[in-house]
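Chain identifiers are assigned alphabetically (A, B, ...) following the order of the sequence lines, protein sequences preceding nucleic acid strands; residue numbering begins at 1 within each chain. Computation of the quantities below employed the complete heavy-atom set of this structure, encompassing side-chain atoms and omitting hydrogens, waters and symmetry-equivalent molecules. Note that the coordinates shown come from a computational prediction; the quantities given were computed from them, not determined experimentally.
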Protein chains: 2
Amino acid sequence: MTTGQGLRERKKERTRQALITAALELFEERGYDETTIAGIAAGADVSTRTFFSYFPSKEEILFADTEERLALAFEVIDGRRPDEQPADVLVRAMSAVFDRAGHFSREFVRAAPVRLRMIFAVPAVQGVALRRLLSAQQRLARRLHAAFPDRLDAVEAAALVGALVGAVTNTMMTVAGESDGIEELLTGDPERFLVELRRAVEIAVRGAAGPGAQPIRRFSRTRPPSHQSR
Amino acid sequence: MTTGQGLRERKKERTRQALITAALELFEERGYDETTIAGIAAGADVSTRTFFSYFPSKEEILFADTEERLALAFEVIDGRRPDEQPADVLVRAMSAVFDRAGHFSREFVRAAPVRLRMIFAVPAVQGVALRRLLSAQQRLARRLHAAFPDRLDAVEAAALVGALVGAVTNTMMTVAGESDGIEELLTGDPERFLVELRRAVEIAVRGAAGPGAQPIRRFSRTRPPSHQSR
DNA sequence: TGCTTTGTTTCATTCGCTGCAATTTTGTGC
DNA sequence: GCACAAAATTGCAGCGAATGAAACAAAGCA
């Protein structure tokens with residue numbers, strides 16, 4: 001991806017990178033809302049209109065690299081060993097996405113901290129982040145279902161992915177939302193962060209009820225005839 | 001809430017309802033993107049500017065009623081019986097939000113179908129929906145932590161809520177995303193839908209790994225020295 | 001060297017959203 | 001009832017995001 005074929009593609013890639021770089025710099029420098037698309041375009045030495053032929057919105061430029069990371073998870077799922085449990089495969093897939101030991105592109109290392117800060121500060125970015133998250137869940141579920149066609153139906157796969165991703169996401173937000181959470185996460189050793197994630201995964205895998213719980217729970221058993229108040 | 005104190009408040013409430021009604025009608029009639037705020041305001045016989053003193057954006061008008069539904073879940077959590085399991089309380093809370101047996105305001109009955117359709121069709125609405133969802137998870141987790149101060153720490157509560165909400169949400173999206181999913185969900189008997197939700201809750205409560213699984217899973221055990229490729 | 005394709009620019013336009021000052025409407029003390 | 005304070009509403013001016021169309025420049029190819 002670094003070396004394109006012709007001059008045309010290489011130039012396009014350079015423009016793309018210039019836009020990303022300019023945007024991240026401006027976001028950090030003056031803040032997200034204070035950065036205009038015109039400013040980003042100017043920083044990359046292109047016209048405002050050109051920006052929109054690379055990214056559909058100001059928000060999306062923050063997520064320029066997420067697709068390839070999701071692909072890591074897909075790889076794990078597609079390459080599952082025949083004797084593995086669905087939950088195990090999913091845990092490995094999550095690990096592939098978050099683990100520092102994996103391959104981080106330069107793009108990711110540069111963008112991730114800014115992105116996280118923006119997700120916590122800017123509603124518009126939150127919207128995009130969460131939309132991507134949900135779409136990723138759906139795709140993971142489809143993939144998982146395809147990988148275990150006779151052990152999981154579509155809904156089970158969705159529930160499984162949802163439980164795992166939900167636990168991890170909410171844990172991540174909680175940990176990162178604490179004072180110093182983001183800084184600790186971004187600058188220092190990610191160990192504590194990974195420890196919490198492991199706990200979250202464990203809860204999701206072993207069940208919210210914990211080990212000594214009764215086998216089955218009820219959901220909306222009650223159904224009185226009363227309807228529609230107010 | 002139906003009867004305000006003075007003329008002022010009653011008029012305000014009437015204007016608010018007029019805006020909601022006009023918006024829902026227009027959304028259904030010509031579609032979300034085709035509906036302008038100016039059009040909504042005109043439908044409610046107020047100025048465009050006035051719209052913004054009631055709702056901060058076009059999206060939020062679709063979620064005018066969600067806060068009170070979340071309050072139902074809070075009630076359940078706050079009023080837990082002392083001997084209950086956290087997971088059980090959470091399941092009951094979810095049930096209170098989704099179950100048809102509960103109290104549906106007129107607002108909700110009117111808005112929910114349109115809202116669901118828009119969530120599936122309009123990215124901007126997805127963004128708001130998911131932002132609200134995550135914020136709700138955080139608040140639920142805080143509340144749950146407060147309800148079980150010595151059985152759950154903050155991160156466990158977050159993971160638990162995340163797992164349950166994640167499973168339910170993703171299941172809901174999957175079921176509703178099927179052809180006829182939304183229609184079946186909205187018009188007919190919600191039974192099949194609730195059945196699937198119950199399965200999702202069960203998976204989240206009993207654990208993604210299923211009953212016969214090994215007790216503990218690993219998460220990102222591997223950590224080779226290689227760092228930062230590409 | 002010309003022709004085609006593709007990327008870029010400029011321009012105009014629509015819409016979401018905000019701040020501000022003027023105006024109207026409502027509540028209240030007299 | 002009446003005047004005055006508080007609050008809601010309005011119009012307007014303006015910024016920025018986003019899109020469409022046509023002119024223009026550059027790259028690839030014969």
Distance below 4.0 Å between A:Ser47 side-chain N/O and C:dT9 OP1 or OP2: yes

Do side-chain atoms of A:Ser95 reach the backbone of A:Val91 as a donor and acceptor pair under 3.5 angstrom? no

Contact class for B:Thr48 (heavy atom, under 4.0 Å): base, sugar-phosphate, or nothing? nothing

Counting only side-chain nitrogens and oxygens, does A:Tyr54 get under 4.0 Å of the OP1 or OP2 atom of C:dG7? no

Would you kindly give the CD1-to-C1' distance between A:Ile40 and D:dA17, to the nearest whole Å? 11 Å

Spacing of A:Leu24 atom CG and A:Leu19 atom CG [to the nearest 0.5 Å]: 10.5 Å

Nearest of C:dC15, C:dC17, D:dA8 to any side-chain atom of B:Thr36? C:dC15

Taking only N and O in the side chain of A:Lys11, is any of them less than 4.0 Å away from OP1 or OP2 of C:dG7? no

Does B:Arg80 reach the main-chain N or O of B:Ala147 with its side chain, forming a donor-acceptor pair under 3.5 Å? yes

Closest to the A:Ser57 side chain: D:dA18, D:dA17, D:dT9? D:dA18

Has A:Thr15 got a side-chain atom pairing as donor or acceptor with A:Lys11's backbone, closer than 3.5 angstrom? yes

In whole Å, what is the span from the CG atom of B:Asp45 to the P atom of D:dT10? 9 Å

Any N or O donor-acceptor pair linking the side chain of A:Arg49 to the base of D:dG20 at under 3.5 Å? yes

Looking at C:dT9, I'd like to know if its phosphate oxygens (OP1 or OP2) sit under 4.0 Å from a side-chain N or O belonging to A:Thr50. yes

Atom CZ of A:Arg10 and atom P of C:dT6 are separated, to the nearest Å, by 18 Å

Taking the cut-offs as 6.0 angstrom to the six-membered ring centre and 45 degrees off its axis, would you call B:Arg16 and B:Tyr54 a cation-pi pair? no

Spacing of B:Phe52 atom CZ relative to C:dC15 atom C1', expressed in whole Å: 9 Å

In whole Å, what is the span from the CD atom of A:Glu60 to the C1' atom of D:dA18? 14 Å

Rounded interatomic separation in angstrom, taking CZ from B:Phe55 and C1' from C:dG16: 16 Å

Out of C:dG16, D:dT9, D:dT10, minimum distance to the side chain of B:Val46 belongs to D:dT10

Provide, to the nearest angstrom, the distance between the CD atom belonging to A:Glu9 and the P atom belonging to D:dG28. 9 Å

To the nearest angstrom, how far is A:Ile37 atom CD1 from D:dG16 atom P? 11 Å

